[in-house]
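Quick note: residue numbers are just sequence positions, from 1.
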Amino acid sequence: MPLVLNARIDVHLRGAGDPAGRTAEAIRRARRYRAAGADSVYPILLAEPGQVAEFVAGADAPVNLLYRPGGPSLAELTRLGAARISHGEGPYAAIQARTAALLDAIQAGRDPYAP
């Protein structure tokens, strides 16, 4: 069975170290993960376009980026070099919100499927 090892890099998520050095640290980790056998790298919460471009250029690996509303668009992430785009908890949160709205409508006696 084919397997892809996608190594998650948390320096931006955890706010590790000096903010000015986070992208360089993420690149250092990406290269080490790649040398250890990772197929791709995932610098979770890296979103600033300049830093994304710097990371993609320096990572020496296919890059998985996280799409978040309010951040770079899917087209922008692709243009910046994303090999894969994740949606994190977005689909789950959307399902939760829709389910809550349906249940609220049922509880209020409204048609839950009305537009």
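Within a 6.0 Å radius of CD in E89, other residues, nucleotides and ligands contribute 12 heavy atoms or fewer.
In this structure, L66 is not a member of the same hydrophobic cluster as V63, with clusters built from ILVMFWY side-chain heavy atoms closer than 4.5 Å. Residues Y67 and V56 share a hydrophobic cluster, clusters being chains of Ile/Leu/Val/Met/Phe/Trp/Tyr side chains in contact below 4.5 Å. Criterion: ILVMFWY side-chain heavy atoms under 4.5 Å apart, direct or through other members. Under it, L45 and Y33 are not part of a common hydrophobic cluster. I85 and L46 fall within the same hydrophobic cluster, where Ile, Leu, Val, Met, Phe, Trp and Tyr residues are linked whenever their side-chain heavy atoms come under 4.5 Å apart, directly or through other members.
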List, one per line, each side-chain donor-acceptor pair under 3.5 Å for residues 93-114, sequence neighbours excluded.
| residue | atom | partner | partner atom | Å |
| --- | --- | --- | --- | --- |
| Q96 | NE2 | Y92 | OH | 3.2 |
| T99 | OG1 | I95 | O | 2.9 |
| D111 | OD1 | Y113 | N | 2.8 |

Checking side-chain contact (heavy atoms from CB on, under 4.5 Å) for the pair F55/L65: CA distance, chi angles, key distance, verdict?
CA-CA 11 Å; F55 181 86; L65 295 172; 5.6 Å; no
Would you sort out whether R84 and N6 count as a side-chain contact (heavy atoms from CB on, under 4.5 Å), showing the intermediate values?
CA-CA 10 Å; R84 178 176 183 248; N6 188 29; 3.2 Å; yes
Could you give me the CA-CA distance, side-chain angles and deciding distance for Q51 and H12, then say whether side-chain contact (heavy atoms from CB on, under 4.5 Å) is met?
CA-CA 11 Å; Q51 291 175 344; H12 292 88; 4.2 Å; yes
R29 and R32: side-chain contact (heavy atoms from CB on, under 4.5 Å), yes or no, with the steps?
CA-CA 5 Å; R29 292 181 187 197; R32 293 195 65 185; 5.6 Å; no
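Taking all atoms of both residues into account, the shortest heavy-atom contact from A47 to P72 is O-CG, 3.1 Å. Taking all atoms of both residues into account, the shortest heavy-atom contact from A53 to L80 is CB-CD2, 4.1 Å. When all heavy atoms of R22 and G15 are compared, the closest pair comes out as NH2-O, 2.9 Å.
Ion pairing between E25 and R28 holds under the 4.0 Å rule for side-chain N and carboxylate O.
Between L74 and H87 the shortest side-chain heavy-atom distance falls below 4.5 Å.
The CZ atom of R68 sits 11.5 Å away from atom CG of L77, with the distance rounded to the nearest 0.5 Å. Rounding to the nearest 0.5 Å places CG of D60 at 7.0 Å from CZ of R31.
Neither side chain, S40 nor N64, offers a donor N or O lying under 3.5 Å from an acceptor on the other.
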